[in-house]
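Positions are given from 1, in the same order as the sequence printed here. All values below come from the heavy atoms of this structure, side chains included, with hydrogens, waters and symmetry mates left out.
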Amino acid sequence: MSRPDLPPPNDDAGFADERPSKTQRKKASHELQDLGEALVALPESRVQALDIPEGLRDAVHEYRRTRSHEGRRRQMQYIGKLMRGVDTAPIRQAVLDMQLGRAKDSLSLHEAERWRAELIADDAGVGAFVQQFPATDTQQLRSLVRSARKDAALAPEQRSGRAFRELFQFIKQVRDDHE
């Protein structure tokens, strides 16, 4: 039973239009600081290419020059503060592009290693490689595979590893030319 002289009970829907809670503000601040850490990890050329205010760019440069732990921590907080007034979408995109590029490079290396193992293990691997990459110099590929197999047959102390590296570089080059 409600009394007419008391105000209606508080419902949370009425507070949705007000400012965010302290927890939400701290979370957003930490996210901006994490994004700032990713920003300073980008190569200088990528930072220069970003459409960010000059003050933020200078703060990133200053962070890179700072050597003390406490100085870097404070500079990172300052970068986070500056980022509150900046559109973070281009920064997030630059960080994602960089991470994606590293993932693609890693995947490419793993794929080349897989091809090398397959080529050394079986003669059918040469046919499969040539079928997937028709522009391959088959004679050179067979020669590199033979050398790598000879090297693999030797005792571990006698192996040079040169043939493995040459085969790997050849595979990588063919794959890069194909893309």
Side-chain angles (χ1 to χ4, degrees), residues 27-28 30-54 56-67 72 75-76 79-80 82-83 86-179:
K27 182 180 178 199
H30 286 296
E31 286 174 358
L32 284 176
Q33 198 166 339
D34 291 343
L35 184 60
E37 288 175 9
L39 174 65
V40 299
L42 289 175
E44 184 65 30
S45 60
R46 292 207 182 204
V47 173
Q48 293 300 326
L50 285 174
D51 183 27
I52 57 176
E54 196 61 36
L56 180 57
R57 189 171 283 122
D58 291 343
V60 169
H61 181 68
E62 187 63 31
Y63 175 86
R64 290 180 176 163
R65 286 188 23 205
T66 305
R67 295 291 162 229
R72 288 176 80 99
Q75 188 66 18
M76 186 53 64
I79 289 171
L82 290 175
M83 289 180 63
V86 174
D87 178 23
T88 59
I91 299 170
R92 289 183 198 281
Q93 188 61 47
V95 169
L96 284 175
D97 290 346
M98 187 70 173
Q99 291 170 342
L100 183 62
R102 288 181 182 156
K104 283 183 179 178
D105 291 344
S106 178
L107 183 63
S108 176
L109 291 177
H110 288 301
E111 185 69 17
E113 288 172 358
R114 185 190 66 77
W115 271 115
R116 179 176 60 183
E118 189 176 324
L119 289 167
I120 293 172
D122 189 17
D123 286 334
V126 174
F129 188 83
V130 170
Q131 185 177 8
Q132 184 160 354
F133 305 102
T136 304
D137 181 356
T138 310
Q139 186 175 358
Q140 185 180 5
L141 176 63
R142 289 184 193 281
S143 173
L144 290 170
V145 169
R146 257 192 317 275
S147 297
R149 285 180 182 164
K150 282 181 190 175
D151 199 29
L154 296 173
E157 304 85 39
Q158 296 174 332
R159 293 181 188 161
S160 70
R162 182 172 151 226
F164 282 103
R165 288 189 300 274
E166 287 177 351
L167 179 59
F168 182 80
Q169 292 301 322
F170 179 80
I171 292 167
K172 220 171 90 174
Q173 185 63 43
V174 168
R175 291 186 75 247
D176 289 347
D177 291 347
H178 185 261
E179 291 177 353

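Annotation: side-chain hydrogen bond (donor to acceptor under 3.5 Å, both in side chains) contacts of E118 (sequence neighbours excluded): R114. Every residue two or more places apart in sequence or in another chain that forms a side chain to side chain contact (heavy atoms under 4.5 Å, CB included) with Q99 is listed here: V95, L96. Partners of R65 according to the salt bridge (Lys or Arg N to Asp or Glu O under 4.0 Å) rule, which considers only residues two or more places apart in sequence or in another chain, are E62. Partners of F129 according to the ring-ring contact (aromatic ring centres under 6.0 Å, His included) rule, which considers only residues two or more places apart in sequence or in another chain, are W115, F133. A search for salt bridge (Lys or Arg N to Asp or Glu O under 4.0 Å) contacts involving R142 returns nothing, not counting sequence neighbours. Residues passing the side-chain hydrogen bond (donor to acceptor under 3.5 Å, both in side chains) test with R57 are E54, sequence neighbours excluded. Take T138 and apply the side-chain hydrogen bond (donor to acceptor under 3.5 Å, both in side chains) test, not counting sequence neighbours, and it matches no residue. Taking D97 as the reference, Q93 meet the side-chain hydrogen bond (donor to acceptor under 3.5 Å, both in side chains) condition, with sequence neighbours excluded. Residues satisfying the side chain to side chain contact (heavy atoms under 4.5 Å, CB included) criterion with Q139, sequence neighbours excluded, are D137.
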Distance-only criterion, 3.5 Å: show the donor-acceptor pairs between side-chain atoms of residues 35-43 and protein atoms not counting sequence neighbours.
none

Enumerate donor-acceptor pairs with a distance under 3.5 Å from any side-chain N or O in residues 164-175 to protein atoms, sequence neighbours excluded.
from: R165; atom 1: NH1; to: G161; atom 2: O; distance (Å): 3.4
from: E166; atom 1: OE2; to: R162; atom 2: NE; distance (Å): 3.0
from: E166; atom 1: OE2; to: R162; atom 2: NH2; distance (Å): 3.2
from: Q173; atom 1: NE2; to: D177; atom 2: OD1; distance (Å): 2.9
from: Q173; atom 1: NE2; to: D177; atom 2: OD2; distance (Å): 3.3
from: R175; atom 1: NH1; to: S108; atom 2: O; distance (Å): 3.4
from: R175; atom 1: NH1; to: S108; atom 2: OG; distance (Å): 3.3

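Remark: H61 NE2 to E44 CD distance equals 7.0 Å, nearest 0.5 Å. Between the CG atom of L50 and the CG atom of L56 there is a distance of 9.0 Å, given to the nearest 0.5 Å. The line from CZ of R72 to CZ of R64 is 9.5 Å long, rounded to the nearest 0.5 Å. The CD1 atom of I52 sits 12.0 Å away from the OG1 atom of T88 when rounded to the nearest 0.5 Å.
Side-chain contact check for L119 versus L141: some heavy-atom pair is nearer than 4.5 Å.
The side-chain hydrogen bond (donor to acceptor under 3.5 Å, both in side chains) contacts involving residues 123-136 comprise D123-R149, where partners must be two or more places apart or lie in separate chains.
Around CG of D105, the count of heavy atoms belonging to other residues, nucleotides or ligands within 6.0 Å exceeds 12.
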